[in-house]
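Lettering follows sequence order; numbering is per chain, from 1.
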Amino acid sequence: MYRYGRGIRFLSFTSMVNKTKWDPIESLELNHPTLVLLEKCSSRDHFRQILGQMMRIGLIGETFPMSRLISYSAVSHPENLDMSILLFTYFTPHPNLFIYKTMISALSFSFKQAYVVYQSMLRSSIWPEKQTLLYLLKAAKHVSAAKQVHCHAVVMGLVSYDYFLNSLLKMYMNNGKMDLACKVFSCRSSSDVASFNIMIVGHVKKGNSLEAIKMFREMVDSGLEPDEFTISGLLVCCGHLADVRLGRSVHAWMERRKHISSSNLVLGNALLHMYVKCKEIELGRRTFDALRVKDIISWNTMFEGFVKVGDLESARSLFNHMPCRDLVSWNSLICSYAQNDDLMMMTKVFKDMVAENVMPDTVTMTILVAVAAEVGELNQGRWIHGMVVRMGMKINAFLGSALINLYWKCGSIEKAFVVFRDITEKDVTVWTTMITGFAFHGYGRKALELFSEMQEEEMPNKVTILAVLTACVHCRLVDEGLELFSSMKENYGIEPGIEHYGCLVDLLGRSGRSTEAKYVIDKMPMKPSRSIWGAMLSNCRAHGNVEMAEIAWRELLKLEPEKEGGYVLLSNIYAANNKWNFSDKIREVMESRGVKKTAGCSSIVVDGVLHDFVAADKRHPRWLNMQSIIYFLNSEMRLHPDFPEDFWVPFMETC
DNA sequence: TTAGGGTTAG
């Protein structure tokens, strides 16, 4: 059996396993029988069996069969990756380039491990070629790792490889490293449409649609013909901008070209999605009907279109007529009821979905948690959280943010923080939600601490800055707030928006610095909104500044003459300063203009019973108990270092 | 390299 050498051993072994006769003359190629065996390998046990028999006949350790074994087990059957690592580490004394490449490719989930293999390859004086570095780059999940691979490519003289450059370009674009992306982009070969496409799609994904269009113009100006990838990117771009005019011109451009047509399923779906985003339901419907082949994405996109324009009846009818439904279809239906506050239908659809054996995913749970938070149903939220844990679902950034939001909004800031700490992949929203929770619970210092901890991992966005400013406003951290506001452009590259100016005005106004607040309003680059004048008016009330209140009221009236808030506030200011005549006058003006005051109402559900309260409402049967609890809370707050001395005063006034 | 569903503030 062994006298014919290695090849024959393989063939004999193969016939043994397959119980068929092999003709050694017909297939002398050494690797062929191994391939046949491994291709037939259908389970982990089978793989082990083949491996065991190969060991027994002495095939393990030889470079060629090992390369095939590792390749098949690691790449085609990822569940056998541990075996590949074992085979590579202990049974391959002399790995060749192919084995190294295969291992690096198989270890794409861990750059650290892939890099160790790469280094051991260099130590064995085996030099990488373009594909090896491409595999290593695929393992790089962070920019620092990608930069490391980039350096190797430069040293090895492999940067002229377009596939490699484009992967690198995509990595830098997706991570917002524009300077590095531009450097790589400048190295591209002159006719490379793909690099332009990556730049366009990268900009679109980052929300820089205008930049994407600029890139497209540059591409056309340089004489390159856009392909279907470019058009698809442009359509997403039009959707983001809700620019149907531009979208229609792209559509017209597509129709003029035979090779890029909307009958192409992917492009047709992209076109449909664009019309849906632009809320052009008729054009969307026509695009949908014109699709010769429709897939589940087409159906789901059309469904989203109906929901977007509020036509729930058509949406439901479309759902009922779908040839098949996937998890996205169910989630979209649940979401449509959630957005319309129809919680009964939402719960019913959720139950129907489970009854049809469609298992909910993190998206389903995120929708359910967000709704529970919206309506303040802590118990329902807890039940969903429990289900997430029981199902062994990983809490990602979306679900995590929704859960943190649920717990802090329902009063349980501690539980929110426990959820926050357990999230392994925190994105900017997760951090922002937690900071907001601390801000609204009056833990200003904690919010600031978390903000500085966050900056070691994530770049804050404009919402984060707003959350920190809100924390400063709620906790009277005036200096900290002013410092953050003045440095946000320089430190974070964020131009203050009207919402940031609103916080600044509130921050100054609440601490009695209304002249400075007015100065900010006069100097801000945009027109002050009604909430800015409203904040000004309300702060003037707290500090009895009648003169400034009158200015704010006049401005507020110009913006919203029909709203009662401004009238009531000014009337109260006059009343608080014993100017009863003025106060009555304001009430008269309100009546003459037909402005009605609606009482603000708070509510809470206890044991399924709704209790609601308006200001100074003492009708509740347990009012006395509540009053004593408020006194107790106030005294507690006085002892808490995070609350300034005058924080509890308004609470005392309500008692 | 391209297409569908989810989170944060106001």
*Is the shortest side-chain N to carboxylate O distance from A:E449 to A:K446 below 4.0 Å?*
no

*What distance do A:K183 atom NZ and A:L180 atom CG have between them, rounded to the nearest 0.5 Å?*
6.0 Å

*Please work out if A:T433 contacts a base, only the sugar-phosphate, or nothing of the nucleic acid, heavy-atom cut-off 4.0 Å.*
sugar-phosphate

*Could you check whether A:N166 gets within reach of a base, just the sugar-phosphate, or nothing at all, counting any heavy atom under 4.0 Å?*
nothing

*asked:* Need two values: the first and the last nucleotide of DNA chain B, 5' to 3', having an atom under 4.0 Å from any heavy-atom of chain A.
replied: B:dT1 to B:dG10

*Mind checking the CZ-CZ spacing from A:F196 to A:F185? Nearest 0.5 Å is all I need.*
4.0 Å

*For atom NZ of A:K308, is the number of surrounding heavy atoms from other residues, nucleotides or ligands below 6.0 Å larger than 12?*
yes

*Under a 3.5 Å cutoff on both atom distances, Watson-Crick or G-U, what's the dot-bracket for DNA chain B ([ ] crossing, | other strand)?*
..........

_Expected output: side-chain A:N539 to main-chain A:A535 donor-acceptor under 3.5 Å_ = yes

*Distance from A:E499 atom CD to A:L469 atom CG, nearest 0.5 Å?*
10.0 Å

*Checking all strands, does A:K409 fall into the base, sugar-phosphate, or nothing category for heavy-atom contacts under 4.0 angstrom?*
sugar-phosphate

*Kindly compute the distance separating CZ (A:F485) from CG (A:L504), expressed to the nearest 0.5 Å.*
5.0 Å

*Any chance the side chains of A:N320 and A:S317 put a donor and an acceptor closer than 3.5 Å?*
no

*Would you classify A:K294 as touching base, sugar-phosphate or nothing, given that sugar-phosphate means primed atoms plus P, OP1 and OP2, and contacts are heavy atoms under 4.0 Å?*
nothing

*Distance (rounded to the nearest 0.5 Å) between A:F303 CZ and A:R316 CZ*: 8.0 Å

*With A:S329, which of A:N300, A:L318, A:V358 fulfils side chain to side chain contact (heavy atoms under 4.5 Å, CB included)?*
A:N300

_With the threshold set at under 4.0 Å for non-hydrogen atoms, list the residues of residues 453-473 of chain A touching DNA chain B in residue-number order._
A:V463, A:L466

*Say you draw a straight line from CE of A:M353 to CD1 of A:I334; how long is it, rounded to the nearest 0.5 Å?*
5.0 Å

*Contact class for A:S329 vs. all strands (heavy atom < 4.0 Å): base, sugar-phosphate, or nothing?*
nothing

*For A:T432, answer base if it contacts any base atom (sugar-phosphate contacts may also be present), sugar-phosphate if it contacts only those atoms, and nothing otherwise; contact means non-hydrogen atoms under 4.0 Å.*
base

*Please work out if A:Y163 contacts a base, only the sugar-phosphate, or nothing of the nucleic acid, heavy-atom cut-off 4.0 Å.*
nothing

*Do A:K214 and A:E211 sit within salt-bridge range, that is, some charged N less than 4.0 Å from a carboxylate O?*
yes

*Do we see a donor-acceptor contact under 3.5 Å between the side chains of A:N166 and A:N197?*
no

_Quick check on ring pair (Phe, Tyr, Trp, His ring centres under 6.0 Å): which of A:F440, A:Y443, A:F438 does A:H474 satisfy it with?_
A:F440

*Near DNA chain B, which residues from residues 213-220 of chain A have a heavy atom under 4.0 Å away?*
none

*Provide the full list of salt bridge (charged side-chain N to carboxylate O under 4.0 Å, His left out) pairs with a residue in residues 420-434 of chain A, sequence neighbours left out, each pair given once.*
A:K394-A:E425, A:R421-A:E453

*Could you check whether A:I296 gets within reach of a base, just the sugar-phosphate, or nothing at all, counting any heavy atom under 4.0 Å?*
base

*Looking at A:W330, A:W299, A:Y337, which one forms a ring pair (Phe, Tyr, Trp, His ring centres under 6.0 Å) with A:F319?*
A:W330

*Please list, by residue number, the residues of residues 386-403 of chain A whose heavy atoms come closer than 4.0 Å to an atom of DNA chain B; answer none if no residue qualifies.*
A:N396, A:A397, A:F398, A:S401

